[in-house]
Number of protein chains: 2
Amino acid sequence: MASRPPEADELLTPAEVAALFRVDPKTVTRWAKAGKLTSIRTLGGHRRYRAAEVRALLGDIPGPRAGEAAASEAGPALGA
Amino acid sequence: MASRPPEADELLTPAEVAALFRVDPKTVTRWAKAGKLTSIRTLGGHRRYRAAEVRALLGDIPGPRAGEAAASEAGPALGA
DNA sequence: ATTAATTTGGGTAATTTGGGCT
DNA sequence: AATGTCCAAATTACCCAAATTA
């Protein structure tokens, strides 16, 4: 893969999203198929995911501070 | 430092298209060779790509909430 | 602890993509 | 920075079994 220049932080690869969620890349693909996650397709058919959306779903932990309890079981948006 | 004049962005370089799709420039060249992406050749043989076409393929979502009902899995851009 | 449901992961085959080199 | 070719890794899609949840 290519490096991660801060400017290109717009899209994420399946492997990157999978690593962030601690799941298999195949599971991320399944979320995209189910419409739970927005996916952009490359011209070859591979998927790319919006970094902003993934961060939001992960709880969007900004930085060193502010690591408070962010409702662990309050948003079953994906577990339906 | 006007590296990329916004108004004159009719054409994009391979590196710019690659960054937008989160792929390698080599992959963009492959798309052009496969006829999946319109490419204009410079007199030196290098390729340039139409910004409008690239934006359309990416989904063209400019603002915060623009394409709300943008079906992610409705575009089989695959050419296999 | 039981069933029943969904979700997730593993396997294989085919294509696409990325890295190194020219 | 971009091109072209070779080869390995990643991703895709399909199947079915295991894990998780209610």
Side-chain angles (χ1 to χ4, degrees), chain A residues 1-59 69-80, chain B residues 1-6 8-59 70-80:
Chain A
M1 282 82 156
S3 321
R4 282 158 204 42
E7 58 200 41
D9 207 12
E10 176 84 31
L11 299 177
L12 295 176
T13 64
E16 288 174 327
V17 179
L20 289 171
F21 276 99
R22 299 283 282 155
V23 294
D24 222 61
K26 247 176 297 188
T27 302
V28 179
T29 299
R30 205 167 299 153
W31 294 344
K33 282 189 200 169
K36 297 172 180 174
L37 194 59
T38 308
S39 67
I40 311 276
R41 303 272 252 178
T42 68
L43 298 190
H46 287 196
R47 296 185 180 85
R48 295 281 116 99
Y49 304 95
R50 298 207 164 276
E53 184 176 4
V54 173
R55 271 196 302 259
L57 290 170
L58 283 169
S72 340
E73 279 294 324
L78 275 176
Chain B
M1 313 61 161
S3 304
R4 289 143 35 204
D9 266 337
E10 167 108 12
L11 298 178
L12 296 176
T13 65
E16 285 176 317
V17 178
L20 290 172
F21 273 99
R22 194 69 172 80
V23 294
D24 254 32
K26 225 171 296 190
T27 302
V28 179
T29 300
R30 226 168 297 189
W31 294 344
K33 284 172 73 175
K36 296 174 178 175
L37 193 60
T38 307
S39 65
I40 285 88
R41 296 280 217 159
T42 69
L43 298 188
H46 289 194
R47 297 185 178 88
R48 292 286 117 92
Y49 304 94
R50 301 211 155 274
E53 184 177 3
V54 172
R55 245 174 308 154
L57 290 169
L58 281 169
S72 341
E73 285 294 324
L78 199 152

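Below, chain A is the first sequence line, B the second, and so on; all start at residue 1.
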Output for pair (B/Glu10 CD, B/Arg48 CZ), nearest 0.5 Å, gives 13.0 Å

Does A/Glu16 come within less than 4.0 Å of B/Arg22, counting only side-chain N to carboxylate O?
yes

Whole-Å distance, A/His46 NE2 to C/dG18 P, equals 9 Å

Of D/dT12, D/dT11, D/dA2, the nucleotide closest to the side chain of A/Ala15 is D/dT11

(request) State whether the distance check finds a donor on one side and an acceptor on the other, under 3.5 Å, for side chain A/Arg30 versus base C/dG9. (result) yes

D/dT3, OP1 or OP2 - any side-chain N/O from B/Arg47 closer than 4.0 Å?
yes

- request: Measure centre to centre between the rings of B/Tyr49 and B/Trp31, then say whether the value is under 6.0 Å.
  value: no

### Presence of A/Lys36 side-chain N/O under 4.0 Å of C/dT7 phosphate oxygens OP1/OP2
yes

- Query: Taking OP1 and OP2 of D/dC6, is either one under 4.0 Å from a side-chain nitrogen or oxygen of B/Lys26?
  - Reply: no

Between CG of A/Asp24 and C1' of C/dG11 the distance, given in whole Å, is 12 Å

Atom CD1 of B/Ile40 and atom P of D/dA2 are separated, to the nearest Å, by 15 Å

Margin query: Any side-chain N or O of B/Thr29 below 4.0 angstrom from OP1/OP2 of D/dG4?
Written below: no

B/Arg48 CZ to D/dA2 C1', in whole Å, measures 9 Å

Closest to the side chain of B/Lys33, out of D/dA2, D/dT5, D/dT11, is D/dT5

To the nearest angstrom, the CZ-C1' distance between A/Phe21 and C/dT7 comes to 15 Å

Taken to the nearest whole Å, CZ/A/Arg22 to C1'/D/dT20 is 17 Å

Legend entry - Under-4.0 Å side-chain N/O to phosphate OP1/OP2 contact, B/Trp31 with C/dT16: no

TODO: Under 4.0 Å between any heavy atoms, over every strand shown, what does B/Pro14 touch: base, sugar-phosphate, or nothing? Just pick one.
DONE: sugar-phosphate

Here the gap from A/Thr13 atom OG1 to A/His46 atom NE2, rounded to the nearest 0.5 Å, amounts to 11.5 Å

Partner of C/dC21 under the Watson-Crick or G-U wobble criteria, both distances under 3.5 Å, comes out as D/dG4

The Watson-Crick or G-U wobble partner of D/dA19, with both key distances under 3.5 Å, is C/dT6

Using Watson-Crick geometry (N1-N3 plus N6-O4 or O6-N4) or G-U wobble (N1-O2, O6-N3), each under 3.5 Å, C/dA1 is paired with none

(Q) For a side chain to side chain contact (heavy atoms under 4.5 Å, CB included) check, start with the C-alpha distance between A/Ile40 and A/Arg47, then their side-chain angles and the critical distance, and finish with the verdict. (A) CA-CA 6 Å; A/Ile40 311 276; A/Arg47 296 185 180 85; over 6 Å; no

Atom CG of B/Leu37 and atom P of C/dT17 are separated, to the nearest Å, by 12 Å

Atom OH of B/Tyr49 and atom P of D/dA1 are separated, to the nearest Å, by 16 Å

